[in-house]
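Accompanying notes for the structure given below.
The sequence lines fix the lettering, A, B, ..., with proteins before strands; numbering per chain opens at 1.
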Number of protein chains: 2
Amino acid sequence: MEANNIDSAQSHLQYQREDSLFTPMGECSAEDLARLFREKGLRMTQQRAEIFQEVVRSRSHPGAEKIFEKVKRIMPSISLDTVYRTLTTLEELGLVRRLNHPRGGARFDSMGPGHHHFICLECGEIVDCFLNEAEEGILGSLSRDIGSVKSIHVEIRGLCSQCSHKVPITAHNGQNH
Amino acid sequence: MEANNIDSAQSHLQYQREDSLFTPMGECSAEDLARLFREKGLRMTQQRAEIFQEVVRSRSHPGAEKIFEKVKRIMPSISLDTVYRTLTTLEELGLVRRLNHPRGGARFDSMGPGHHHFICLECGEIVDCFLNEAEEGILGSLSRDIGSVKSIHVEIRGLCSQCSHKVPITAHNGQNH
DNA sequence: GGGGCTAATCAGAATGATTCTTATTAACCA
DNA sequence: TGGTTAATAAGAATCATTCTGATTAGCCCC
């Protein structure tokens, strides 16, 4: 299943991207990343670069374990703990978003163009969803009267088109993911 | 801190409330609950009734452990496992919503009138947010082309008004909750 | 109104994801 | 280029949550 680009015009959710490193195409160079780290007083390590690249490259909202397996191929001595620590760091820097999967465990997504998520309750797949600018604007107005807003995220749950077809009434089929 | 009723007109999010037991005021009688359980072939137990009441009564989005402590006062022999099992059952029946707290662990909220959540990144507090109809309409449009939608939930993160005042730059203050 | 079937509970063990600890390594500033 | 110290690796520890197996109690039927 591919990203569900609901509207041709992609959105710009300012809240999440104030000083984003990403281009409108969702790219972020290694130099930019290194610079951001240094600005924050952090060190740019091989591990951090690889983990970040893996998250940006991946379209499938992987969990920490999956990222670990992938990076391990390039860097066999890396530890799972480093993956977790780095993902937390990247999240704090606003470069990565952590999603809680209904079946447990966190999934990670790069903060490319601001977007939202659909999660299939049957197969567990997570799909990106985009709003147009007008729509994001209306959501943005949610911030009135609340303190300062850092991010707005919409999570839709249901059955993806594949699962809503193939699954009639049964209780617990398909355990992909 | 009280519920942040952002707009005077409360919303009607059909997706989450198809056959809700709740009145528009967010109430649900013990008889209705018992009937729903029986319809689904489940048994109405003391434990389930108490746990449900505790979630409905509570405005603070408690975690399982907190619900356990509360119910234990009335029913000292109850086990934490029963609380977890019951919360999952209530969630499956659409009576309770599970929220993932950024600091780990799940929080629970009754499915009263459809609403969304603001989470303070500083103190961890979760506050209810209501959208007006236009805003809910926007959310509805997110579902075009996706399979069948079961729920739409907006999660806003930021600093609540209290924390945005009292917290200047420091890294990790306030550990309420 | 009581008996039997079986779902639901309790207690504690087990699991799985994530975080901590400690010694070691490697960024990067001077 | 060396010293400082943040970041890492490995494995132990923790935390929330789920499972196991024996026991209890809803509730359907008589």
Nearest to the A:Met44 side chain among D:dC27, D:dT8, C:dC28, which nucleotide is it? C:dC28
Could you check if a side-chain atom of A:Val83 sits within less than 4.5 angstrom of a side-chain atom of A:Val71, using non-hydrogen atoms only? no
Using a 4.0 Å heavy-atom cut-off to protein, can you give one letter per nucleotide of nucleotides 18-26 of chain C, 5' to 3': B if the base is in contact, S if only the sugar-phosphate is, - if neither? BBB-----B
Starting from the 5' end of DNA chain D, give me the residue, A:Ile78 or B:Arg38, whose nearest nucleotide shows up first. A:Ile78
Plane angle bin for B:His153 and B:His117 - parallel if under 30°, tilted between 30 and 60°, otherwise perpendicular: perpendicular
State whether A:Thr82 places a side-chain N or O below 4.0 Å from either non-bridging phosphate oxygen (OP1 or OP2) of D:dT8. no
Decide yes or no for B:Leu90 and B:Phe37: does some side-chain heavy atom of the first lie under 4.5 Å from some side-chain heavy atom of the second? yes
Is B:Leu42 close to B:Leu93 at the side-chain level, that is, under 4.5 Å between some pair of heavy atoms? yes
Can you check the A:Phe68 CZ to D:dA9 P distance for me, whole Å? 9 Å
Identify whether the distance between the nearest side-chain nitrogen and carboxylate oxygen of B:Lys72 and B:Glu69 falls below 4.0 Å. no
Whole-Å distance separating the NE2 atom of A:His101 from the P atom of C:dG16: 17 Å
Where the side chain of A:Gln46 is defined as all heavy atoms beyond and including C-beta, which of D:dA10, C:dC10, C:dA27 is the nearest nucleotide? C:dA27
A:Gln162 side chain near A:Cys123 side chain, heavy-atom distance below 4.5 Å: no
